[in-house]
Amino acid sequence: MNLMVASLLAVDPLLDTDKWWWKVLAIVAAKVLAIFVIGLIGTMLMVWFERKIVSGMQNRIGPNKAGPFGILQTLADGMKLFFKEDLLPDKADKWVFRVAPFLAFVPAFLLWSVIPLGGDFTDGKDGTVTWFGETTRVQLIDPPVGILIVLALSSIGVYGIMLAGWASGSKYPLLGSVRATAQMISYEAALGLSLGAVLLMSGTLSTSGIVGGQDGIGNWNIVATGFIPFVIFMIAMTAELSRPPFDLVEAEQELVGGFNTEYSSIRFGLFFLAEFMNVITMSAIIVTLFLGGPQPLTLGGVDMLGFAGPFGGTLWVILKTLAFLYTYVWFRATLPRLRYDQLMDFGWKLLIPAALGWFLVLAALQMTRDKYDGLGPVLLAAALGVAVLFVAYLLFNAALVVSKRNREREGVAY
Amino acid sequence: MDFVVFILASAMVIAGALGVVLRPNPVHAALSLVLTLFGVAVHFVALGAHFLAAVQVIVYAGAIVVLFLFVIMLLGVDKAEDLSIEPFPIQRPLAAVVGAGVSGLLVAAIVGAKDTIPEGTPLGADGDQNIRALARNLFSDHVFAFEFTSVLLIVAVAGTVLLTRKEKKGSA
């Protein structure tokens, strides 16, 4: 039992004391509550932020009635949803129909628990901070397999969308959920392979360990892994979230409303909440993996938000996450939706091979760096890696050309 | 505490397994399988094997059962089956015999190996150590077996695609 608890809660100094157990319990409970409330309020603001930015980009005013700048619009919409009639279609699979929204919603919340939301990681410090006289991590749990929990939870989230569409007992939702499943399985591979590049650099799976390794902007994984895994991760993540331009799951022009067509009232509200909350958590995860999470941006060796003291890390996380949230909204406002065959081609023929090839080159470089000293062997390994990649690219291209010719020779297959 | 976790996780595993066998609707059966897989993941966590628990959820619950469901939905076989129809008469008694045989073998193996398992196998509290040991095993000591397995899987996939392809008449 001790083994289990010790390894699950890892190295939070708060839990490794002789303090009164109720005090520890109270702090952990407060953290849980804080994460829950921050998640809900953040989602509320995110919906408003998205509507406001999109309307700005389209020369409209956007929500402006409820509260200052319309900031309470989401609250008003949410309350309206609460009081609407909850419909259960006749042909629905009752039990699965009721469970599906929670399968989407709960993982979205749980994802928050492994993200380092602050803390001091500079100069090899371990990320603990002292707030109000207590030394602890600004993170609910820091398990040794942290980043795998993110992958596991996001793959559970797929069930919510998939089962919602199936259980509705109606054809458009079913089409939406079949699309969602195929899309998410396809892009999970590219996501995992680009994540592999980060893990190769960090040498650990724990999220606080990954942040701790990114000391100084040159060590941020976006630079250290050579930018390409970051781009692939970002694109694959957009597809996983089924955000535009990958929102085939709920393409209004083709599928009415997609997987959630038959949902109404609070059940629809849960899907909506989960979707926007996932955007925030996934942005925070990109920040953690590639941009150093709470690591500060320094100007002449001085933390630019140094005045915030122990809250500086949290401010950095918020700032960096906001940049990604803006990017996601920007994508939505500017990029047209992909066609289904384009989606599959892009995922399987471009993202997965590129992620795999880059991963192999990075692995070769890391291996050379571990075994030999000096710049020469590293350059040689890089040159060899690029040459192998080029040959692989030619072979891959040849295979594509041959398969295309065969398809044309055989005529339309469907 | 350990015992409570064990009981709860085992209850999950058994309930899920019964669901897989007894639910007439294939989608419900697949969901019961997810419950079983989660129960096994809880067992792994209780034993300190966090990596295995996470991989269990990612690979089995997150990919394999999702594919099952995908195929069930795509083919539209998600109708409840009438269990009283027996397309192949001998299979039920045969299943009982095989099931009893496998359980007998398992119990025999456990009873036989009870004395040889070292008590309290040392596991690093830091999960990274376990992952490193696992990686060294897979990618250096048994790298050829590992790679051959993946080649075998690729061959199986390519073979399936080739076998199910319909050759168009008159085009060759």
Side-chain angles (χ1 to χ4, degrees), chain A residues 1-11 93 95-96 99-100 103 107 143-159 161-163 165-167 169 171 174-175 177-182 184-185 188-189 192 199 203-206 209 363 406 409-414, chain B residues 1-5 25 27-28 30-31 34 38 41 44-76 78 80 120-132 135 139 165-168 170-172:
Chain A
M1 185 57 213
N2 277 333
L3 173 83
M4 180 178 148
V5 167
S7 52
L8 254 191
L9 301 170
V11 277
D93 187 307
W95 191 74
V96 179
V99 168
L103 283 178
V145 290
I147 207 67
L148 291 183
I149 288 186
V150 172
L151 282 185
L153 286 174
S154 72
S155 59
I156 297 307
V158 179
Y159 278 98
I161 292 177
M162 198 162 117
L163 292 174
W166 174 79
K171 63 183 161 209
L174 182 64
L175 280 176
S177 65
V178 168
R179 280 184 182 189
T181 319
M184 287 178 180
I185 291 180
E188 221 158 59
L199 300 181
T204 173
L205 289 172
S206 116
N406 278 345
R409 191 169 49 93
E410 287 175 13
V412 186
Y414 43 85
Chain B
M1 184 70 187
D2 261 348
F3 188 65
V4 176
V5 171
N25 186 320
V27 172
H28 291 171
L31 289 180
V34 176
F38 262 86
F44 277 141
V45 172
L47 292 170
H50 300 125
F51 181 73
L52 282 185
V55 168
Q56 163 98 1
V57 173
I58 295 171
V59 174
Y60 284 93
I64 291 183
V65 180
V66 168
L67 274 180
F68 284 177
L69 283 172
F70 182 67
V71 171
I72 291 172
M73 287 176 185
L74 204 66
L75 297 181
D78 50 345
T121 318
L123 262 178
D126 177 18
D128 269 354
Q129 301 301 323
N130 298 335
I131 298 168
R132 270 173 227 279
F139 291 108
R165 245 167 68 104
K166 259 187 242 156
E167 200 65 45
K168 268 205 163 181
S171 68

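So that the names make sense, note that chain A is the first sequence line, chain B the second, and so on, each numbered from 1.
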When every non-hydrogen atom of Asn25(B) is compared with those of Val27(B), the smallest separation belongs to OD1-N, 2.9 Å

Please name all residues satisfying side chain to side chain contact (heavy atoms under 4.5 Å, CB included) with Ala182(A), sequence neighbours left out, ordered by chain then number. Tyr340(A), Met344(A), Phe70(B)

What part of Val178(A) gets closer than 4.5 Å to chain B, counting heavy atoms only: side chain, backbone, both or neither? both

Quick one: what part of Val34(B) sits under 4.5 Å from any heavy atom of chain A, side chain, backbone, both or neither? side chain

Only pairs of heavy atoms separated by less than 4.5 Å count here; which of Gly192(A), Ser154(A), Ser155(A) has the most with chain B? Ser155(A)

Could you work out, with side chain to side chain contact (heavy atoms under 4.5 Å, CB included) as the rule, every residue matching Leu151(A), not counting sequence neighbours? Leu148(A), Leu191(A), Leu195(A), Ile58(B)

Give, as side chain, backbone, both or neither, the part of Phe3(B) having an atom under 4.5 angstrom from any heavy atom of chain A. neither

Val66(B) versus Met162(A), closest heavy-atom pair with distance: O-CE, 3.8 Å

